[in-house]
Amino acid sequence: MVRFYLHAVVSLLVAALPLGLADVTSALSLSSSKWIWNSVTATAGAQVAQRKVLTPPLGKSLVAAEIIISSYINFQLYVNGDYIGTGNRPSFGHRFCVDLLPSYNVFAVNGSTTVSGSDDGGLVATILVTYTDGTTDTVVTDSSWRTMVPPPPEWETLCFDDTAWPAATVVGSYGVSPWQNVVVALPADPPVVTLTNAVWIWTSPVPAGGAVPVGSRAFRRTFIPDPNQVPASATIIMAADNEYTLYLNGVTVGSGSNWPDAQRYTINFASAPSELVLAVLATNAGGPAGVLMSMEINMVPRGRNNCTAGVFLTTDGLWKSTEGAIPAGFEQPDYDDSTWPAVGSQGAYGIAPWATLTITPVPTPVTI
Ligand SMILES: *[C@@H]1O[C@H](CO)[C@@H](O)[C@H](O)[C@H]1NC(C)=O
Ligand SMILES: *[C@@H]1O[C@H](CO)[C@@H](O)[C@H](O)[C@H]1NC(C)=O
């Protein structure tokens with residue numbers, strides 16, 4: 001089964017929210033949510049749509065929602081027809097804050113099947129809604145959601161009528177069957193980022209047996225926040241075999257020169273950046289070579305500071321690198337890396353020869 005193969009790369013992560021949370025982070029959890037999907041057999045890559053209509057109890061008016069969400073392959077989230085955001089790795093949850101309409105609201109999510117459609121994907125979410133009187137309710141993914149394959153036109157809009165759609169199939173409870181090993185890390189304030197599930201990367205192809213040429217390589221990853229999400233702060237854990245210098249939006253964040261020691265950086269965004277460009281100059285002094293990074297970005301939803309949104313980024317196949325001479329200005333956000341090939345992946349944090357690293361906080365925050 002495909003999903004058990006995929007699970008081999010997903011290891012356990014303690015995602016519990018820490019005690020003593022800042023006021024802006026509610027203790028949202030997935031523990032009562034179900035993995036839901038569609039039971040129709042479909043081809044690989046087919047779209048599955050899920051909808052949940054939300055109306056308040058008599059006498060109450062809805063104000064806002066805080067959403068934690070993850071999916072087995074990928075998801076796109078819409079609230080009342082507006083595109084909210086996307087994700088593509090089951091072990092990294094996303095956190096969004098949205099305004100709601102007073103009485104009638106629609107959460108709509110689409111995602112892809114892997115192979116055969118039937119229970120071959122999954123969506124899990126918990127939504128905390130707030131009413132005008134300050135009280136709250138929790139909405140979870142379960143069989144009260146409706147599903148359709150393929151999604152008809154305008155299926156994500158507020159006025160679409162889904163009453164003929166079948167109930168979503170409950171694939172299993174979060175943390176139990178069949179995906180008990182998928183622990184979804186949830187962005188929080190304060191941040192919870194670890195190196196779990198980050199991938200050791202190097203220029204592709206990575207030669208077998210660690211026979212990587214000596215020398216320097218440049219790496220880049222561009223991240224565009226979802227609409228209405230403004231980066232406020234970030235935490236980065238970074239290591240490289242043998243040395244690295246890390247840049248974010250052209251600013252030097254820091255460097256390391258001893259691979260068993262990872263550094264943990266705090267970034268404060270004074271500039272409300274609309275994109276984040278990570279650039280790494282890494283040098284191999286001989287033997288195996290690798291770059292490893294994990295980042296939690298905490299977002300302020302535009303126009304609102306009473307709610308935490310966030311996302312994780314790690315080294316993975318979405319990074320790019322080039323071989324040969326290091327191009328001048330490669331660390332600048334506007335450098336054109338469109339011809340750079342994707343990196344090669346060597347396996348998730350914990351693999352030999354690196355095993356477990358020591359993480360040392362760098363005390364002075366970097367302001368960008
Ligand atoms: C659903 O997902 C695909 C990407 O896989 C996207 O292109 C599409 O626009 C999404 N949304 C809707 C409303 O169909
Ligand atoms: C959060 O703040 C915004 C604007 O500052 C306000 O409109 C909204 O009602 C608040 N939400 C909650 C849940 O208090």
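Note that these values count all heavy atoms, side chains included, but never hydrogens, waters or copies made by symmetry. Atoms within each ligand, like the ligands themselves, are counted from 1 in listed order.
Interface of W155 with ligand 1, defined as ligand atoms under 4.0 Å from a residue heavy atom, comprises 12 (C), 13 (C), 14 (O). Close contacts between ligand 1 and Q76 involve ligand atoms 1 (C), 2 (O), 3 (C), 4 (C), 5 (O) [criterion: under 4.0 Å to a heavy atom]. Every atom of ligand 1 with a heavy atom of N110 under 4.0 Å away is listed here by number and element: 1 (C), 2 (O), 3 (C), 8 (C), 10 (C), 11 (N), 12 (C), 14 (O).
Pairs engaging residues 326-338 under the side chain to side chain donor-acceptor pair (under 3.5 Å) rule: R220-D337, D336-S338 [sequence neighbours left out].
Donor-acceptor pairing under 3.5 Å is recorded for the side chains of D241 and W354. Side-chain atoms of N80 and Y104 include no donor-acceptor pair closer than 3.5 Å.
R89 and D316 are joined by a salt bridge, as a carboxylate oxygen and a charged side-chain nitrogen come within less than 4.0 angstrom of each other. Salt-bridge annotation for R146 and D162: present, with a side-chain N of the basic residue lying under 4.0 Å from a carboxylate O of the acidic one.
Per-atom contact check: atom 11 (N) of ligand 1 touches the protein, criterion being a heavy-atom distance below 4.0 Å.
At least one heavy atom of Y78 sits less than 4.0 Å from an atom of ligand 1.
Considering backbone and side-chain N/O of Q47, one or more are found under 3.5 Å from N/O of ligand 1.
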